[in-house]
Amino acid sequence: SMNDKKHPFIILLNLIIFSVIILLQYTDKAFIRINGVSPLLILPLITAFSMFHSPLTSALAGMTAGIFTDAVTVGSHGFNAVILLIIGVFVSCVSSNLFNKNLPSCVVLTLIISFLYHICHCIVFHTFGTRFTETVTYLLEYSLPSVLLGTVFIFPFYFIYKHFHKLKSN
C-alpha cells in the first residue's frame, strides 16, 4: 500500500530534522543568540514529535536525540538521554489523554517541558557549590529567555509533525 511507502521517507526526514537541529545547536556558536542566550531547539522539537507519536516511539526518539546531544555536550554525563526520554513519554501520554493535539496545547506543553528541563538541569549541575541566589539568577537571566526563545520554534515544528501525521493517516 501507499502507506508503507511513505513511512521510510518520513523516517528519513525525521533523522535529517533531528540531526540538523542538534548540529546547529552545538557547532555554530553564532546560531540564534540574544544577549548570550540561545534556545534549546531539541525541546520544542521533541515536544512536537512526541505529540503525534506513541510513548514508545517518543521514548526512543528522545533517548536517541539525548545520546547525540550528550555526545556533543561537555560534562552532561547522560543527562539529556534520560531527560529527553522522559519528556518524550510524558508529552506523548499527556497529549493523548489530557490535551488535544492542537497548537495552543503544544505551546503550553513546550513551555512546561522547557521549564522543567532547565530546573532539572539546575538541580543536577548547579545546586552543589552555588548559592541559591546564583541559581535563581541563572534561571531568570538565562533559562527564562532560553525557554521563551525556544517556544517560538514550536510553530514550525508543530506544523511539520502535524503534516507528517496526516500523511501517515491517509
If Ile, Leu, Val, Met, Phe, Trp and Tyr residues are connected whenever their side-chain heavy atoms lie under 4.5 Å apart, and connections chain through other members, are Leu85 and Ile83 in the same group?
-> no

Quick one: does Ser50's side chain have a donor or acceptor within less than 3.5 Å of a partner on Ser92's backbone?
-> no

In this structure, CZ of Phe18 is separated from CG of Leu13 (nearest 0.5 Å) by 12.0 Å

With Thr57 via side chain to side chain donor-acceptor pair (under 3.5 Å) - residues at least two apart = Ser54

Do you reckon Val107 sits in the same ILVMFWY cluster as Ile46, going by side-chain contacts under 4.5 Å, direct or chained?
-> yes

Pairing residues for Leu12 by the side-chain contact (heavy atoms from CB on, under 4.5 Å) criterion, not counting sequence neighbours = Ile16

Could you pull out all residues at least two apart from Ser19 that satisfy side chain to side chain donor-acceptor pair (under 3.5 Å)?
-> none

Leu116 meets the side-chain contact (heavy atoms from CB on, under 4.5 Å) criterion, sequence neighbours left out, with Ile112

Is it the case that one hydrophobic cluster holds both Ile67 and Leu41, taking links as side-chain heavy atoms less than 4.5 Å apart, direct or via other members?
-> no

All side-chain contact (heavy atoms from CB on, under 4.5 Å) counterparts of Val82, not counting sequence neighbours = Ile86

What pairs of donor and acceptor atoms, side-chain ones from residues 152-164 against any protein atom, are under 3.5 angstrom apart with sequence neighbours left out?
unit_1: Tyr158; atom_1: OH; unit_2: Lys101; atom_2: O; d: 2.7
unit_1: Tyr158; atom_1: OH; unit_2: Leu103; atom_2: N; d: 3.3
unit_1: Tyr161; atom_1: OH; unit_2: Asn14; atom_2: OD1; d: 2.8

Under 3.5 Å donor-acceptor, Asp70 side chain and Asn80 backbone | yes

